[in-house]
Protein chains: 2
Amino acid sequence: MTSGSGPIVSLSELTYKRGDQIYGKDEPTNYVCQVKKGAVRRCRLLSDGRRQINSFHLSGDIFGLENGGVHRFTAEAVVETTVSLIRQQSLEDVAEFDAVLSRNLLSMTTSNLQHAENHMLLLGRKSSMERVAAFLLEMDERLAAAGVLSLPMSRRDIADYLGVGLETVSRAVSQLHRAGVVNFIGNNQREIVILDRHRLASFDQPSSARS
Amino acid sequence: MTSGSGPIVSLSELTYKRGDQIYGKDEPTNYVCQVKKGAVRRCRLLSDGRRQINSFHLSGDIFGLENGGVHRFTAEAVVETTVSLIRQQSLEDVAEFDAVLSRNLLSMTTSNLQHAENHMLLLGRKSSMERVAAFLLEMDERLAAAGVLSLPMSRRDIADYLGVGLETVSRAVSQLHRAGVVNFIGNNQREIVILDRHRLASFDQPSSARS
DNA sequence: CGACATATTGATATCCATCAAACCGGGTGG
DNA sequence: CCACCCGGTTTGATGGATATCAATATGTCG
């Protein structure tokens, strides 16, 4: 996060264990967070246990910027995670006079909106296989390191992000594995190698010829 | 839309017939639009005909503000609709020096984001009945005039907004009608009276006691 | 009045959720 | 070191919510 006069210093760093809540729904939005290490999920829970994960935030991502004074989602650490905090008030103070920061805040919110709107198409209209393929491609883009996709989140997290059951995610990944599109490192189901990115993309596509 | 120095004048007004495209996906974002009369849908189409409507925009709403130079969705008139246009460039020029306008742009984008994130929960996790009940309540809030809910959009539009089939929408509304929760004005299925708002809300709720 | 779009209602098919069981790796403690 | 457990994952079997197909109303417009 930068302003017209250089980067803004962060207030402090905190580390959370996997599963820990970073902030809760309806808590006041005093801080904006940046992920230093690990991964964060922003989610909402229905009283009967249904859960929707709106977004994952990985190393470098900023999250927790919301207007209206209270968080509309819960944020939790997916794995051991450290985040740095920035006072929201101080951001707003600076933005008042700093057009560069102001534009940065807007473009950050806009890109969150873009992501959300893409996800709405996925949730509203895509088949379970298309959802899983799209997910793997998204994560590949965001955290591909040396060709290995090292997913921090569980099948259940993925399922709640994609709006399907966790068994459905498992079956889709297995099917991609059997089709020779992805592979696992050792027997760790969270370490995935994408063997054929192009063919994977074809699974997130209306069923014309699917090789 | 207001800035620090009063309202911003619009460039011009245009009227579209029902079904007309206002702008297309991937067109350059030269203009931001405000609905004067009628209703607009912003949607995306998959090659096999599946469609997702991300948002409806009613009288007074502003839409079409997107970063990145191109529209990521198609905007179409749901019914006969007139919109007024504002040059996006002129907005950005003013925002550079006008903190009030700048904050307005941000809060507009934020409220779009809020809507999108609420909709993600609906699309990812809610039953068809919950979706329809939520839809009626949303529209009731946004265009309730004298207790009558006068929907401008077809069942198909509603279905593509809620991520279900149009017959499913029809069945849910019928069920609410039979349950005495809503009623129709004459025989027009788009003129709806909500007889019991509280009971309707209970249909958008995990199945505890549903009266 | 007939032609067409839109909506409802019914019958059937299908995808996916759910229930259930087996599997697997990792940690713990005897 | 091995037995055991435990959370996460896979795989299989079944049911159910909703998509899809089809037929019938109902409304609209020329």
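So that the names make sense, note that chain A is the first sequence line, chain B the second, and so on, each numbered from 1.
- Scanning residues 148-163 of chain A for heavy-atom distances under 4.0 Å to DNA chain D yields A:Ser154, A:Arg155.
- B:Asp26 and B:His71 form no side-chain donor-acceptor contact under 3.5 Å, judged by distance and modelled atom types alone.
- Side-chain contact between B:Leu106 and A:Thr109 is present, with heavy atoms from C-beta onward closer than 4.5 Å.
- Between B:Phe56 and B:Tyr161, the ring planes lie tilted relative to each other; the angle falls in the 30° to 60° range.
- Distance A:Gln175 CD to D:dT10 P: 13 Å, rounded to the nearest Å.
- Per the geometry, CD belonging to A:Glu167 stands 13 Å off C1' belonging to D:dT14, to the nearest Å.
- Between A:Gln189 atom CD and D:dT10 atom P there is a gap of 5 Å when expressed in whole angstrom units.
- At the phosphate of D:dG27, neither OP1 nor OP2 sits under 4.0 Å from any side-chain N or O atom of B:Asn188.
- Distance, B:Lys126 NZ to D:dT18 C1': 18 Å, rounded to whole Å.
- Contact check, B:Arg190 against D:dG27: no side-chain N or O comes under 4.0 Å of OP1 or OP2.
- When DNA chain C is scanned in the 5' to 3' direction for atoms under 4.0 Å from non-hydrogen atoms of chain A, the outermost contacting nucleotides are C:dC16 to C:dG25.
- Applying the 4.0 Å criterion to OP1 and OP2 of D:dT18, one finds that B:Ser128 has a side-chain N or O inside that range.
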